[in-house]
Amino acid sequence: MKNFTIKQFKISLIKLGLKKGDNIFIFPELFRIGKISNIKNRNDYYNTLIKEILKIIGRKGSIFINTYTFDNSRKNKNFIYESKICTSGYLSNYFLKMKGVRRSVHPIFSVAGLGKMSSYVCSNNSVHNYGFLSPYHKMMLINTKILSLGAEVSRSPFLHCSEYFIGVPYYYNKIFKKKVYKNGKEIKARFISCVRYLNLDLKFKFVKLEALLRKKQIVKTKKLGNGL
């Protein structure tokens, strides 16, 4: 596995166009890009990545990341807002524990944010995971940039957000009957998620979509470690 330095990481972010005041959605599959040289443990790795991004975007910028809780559905659990555990990976779990982080309320599809626009994006949301006034819709309204760290850009949740808004026929709205608690009190609401009909034999052409995004220069890439 090819390592990379924190200096290389910083240079890559700047060349991709990250700058002060940016709102950034991190979409990570970190195992695809490898390790940071001279970083020996997991927490230092995550802390280094996040702190470096914060240095670039400054106090007026914001970072967002998925903090999904799929176990609430799989294991019939309730959503506890104050919980610092999610199923979106180690980086998301680390991010949830950081000081000043805010989180949206949804039993399955929550989003956490840190920075100037975190309160706007993660508060007073609709009950829908991708729809109007969801965290993703609000992130689009403030021109949030997607920072894909190893993950395929075409698989980001904003694709599903687009599918919802144009009304694709292979999704339907599912109501979750999980209880949601914040500050020890139950939130009386029925939360909704846009989910795919599982009986449909769909073949998504993500490779074509990603090629189109690159052709139109909507996506910029930079080699880092083992991946882009």
Side-chain angles (χ1 to χ4, degrees), residues 13 18 21-30 42-73 77-131 133-151 155-161 176 178-185 187 189 191-194:
L13 295 183
L18 268 66
D22 274 348
N23 300 304
I24 306 297
F25 174 78
I26 302 177
F27 186 44
E29 286 188 4
L30 296 174
R42 183 180 287 165
N43 284 347
D44 284 347
Y45 179 36
Y46 302 143
N47 182 66
T48 301
L49 289 178
I50 293 171
K51 293 297 185 184
E52 202 59 43
I53 296 170
L54 288 172
K55 286 179 186 177
I56 294 173
I57 64 176
R59 293 184 177 181
K60 293 185 178 181
S62 303
I63 295 177
F64 303 100
I65 194 168
N66 290 335
T67 51
Y68 295 166
T69 45
F70 289 134
D71 278 356
N72 290 351
S73 179
K77 293 181 178 181
N78 297 323
F79 177 81
I80 310 298
Y81 176 84
E82 290 79 15
S83 173
K84 304 300 181 183
I85 299 174
C86 70
T87 57
S88 290
Y90 291 113
L91 179 61
S92 294
N93 279 289
Y94 180 85
F95 189 78
L96 270 176
K97 296 178 179 70
M98 293 184 66
K99 184 179 180 180
V101 166
R102 295 177 180 269
R103 190 181 192 182
S104 68
V105 174
H106 193 284
I108 313 294
F109 296 95
S110 64
V111 173
L114 177 65
K116 183 179 179 180
M117 300 303 292
S118 61
S119 180
Y120 167 73
V121 168
C122 299
S123 303
N124 300 315
N125 304 109
S126 67
V127 295
H128 201 282
N129 64 333
Y130 296 130
L133 294 184
S134 67
Y136 299 106
H137 178 231
K138 287 185 175 183
M139 279 189 270
M140 289 192 292
L141 293 177
I142 60 172
N143 298 317
T144 300
K145 296 177 179 178
I146 303 171
L147 177 60
S148 175
L149 297 176
R155 294 181 181 271
S156 88
F158 289 94
L159 170 64
H160 303 311
C161 196
F176 288 101
K178 309 300 176 186
K179 291 184 178 180
V180 174
Y181 294 93
K182 184 176 182 180
N183 298 325
K185 296 181 179 179
I187 296 175
F191 290 87
I192 303 169
S193 174
C194 189

Between K116 and N23, is there a donor-acceptor pair closer than 3.5 Å when you use the side chain of the first and the backbone of the second?
-> no
Which atom names give the shortest non-hydrogen contact between M140 and C161, and what distance separates them?
-> CE-SG, 3.4 Å
For I85, does the CD1 atom sit with more than 12 other heavy atoms under 6.0 Å from it, leaving out its own atoms?
-> no
Ignoring hydrogens and geometry, is there a side-chain-to-backbone donor-acceptor pair from N124 to Y120 under 3.5 Å?
-> no
Around atom CG of N78, are there more than 12 heavy atoms of other residues, nucleotides or ligands at under 6.0 Å?
-> yes
With a cut-off of 6.0 Å (strictly less than), are more than 12 heavy atoms of other residues, nucleotides or ligands near NZ of K97?
-> yes
Only one of L96, V111, N66 passes side-chain contact (heavy atoms from CB on, under 4.5 Å) with S88; say which it is.
-> N66
Please confirm whether the backbone N or O of G61 pairs with a side-chain atom of D22, one donor and one acceptor, at under 3.5 Å?
-> no
Going through the distances and angles, do N93 and C86 end up as a side chain to side chain contact (heavy atoms under 4.5 Å, CB included)?
-> CA-CA 6 Å; N93 279 289; C86 70; 4.0 Å; yes
State, to 0.1 Å, how close K138 and S123 come at their nearest heavy-atom pair, and which atoms those are.
-> NZ-O, 2.6 Å
Which pair of heavy atoms, one from K182 and one from E82, lies closest together, and at what distance?
-> C-OE2, 3.7 Å
With ring centroids as reference points, do F25 and F158 lie under 6.0 angstrom apart?
-> yes
Search all heavy atoms of P157 against all heavy atoms of Y68 and return the closest pair with its distance.
-> CB-OH, 3.7 Å
Checking S193 side chain against N129 main chain: does a donor-acceptor pair fall under 3.5 Å?
-> no
Distance-only, no hydrogens or angles: does the T87 side chain make a donor-acceptor pair with backbone N or O of F70 under 3.5 Å?
-> yes
Do you know which two heavy atoms are closest between F109 and H106, and how far apart they sit?
-> N-ND1, 3.0 Å
At their closest point, which heavy atom of G115 faces which heavy atom of S62, and how far apart are they?
-> C-OG, 3.5 Å
Residues forming a side chain to side chain donor-acceptor pair (under 3.5 Å) with T67, sequence neighbours excluded | R103, S110
Which word best sums up how the rings of Y94 and Y46 line up, parallel for under 30°, tilted for 30 to 60°, or perpendicular for over 60°?
-> tilted
Verify whether the ring centers belonging to Y130 and Y136 lie closer than 6.0 Å.
-> yes
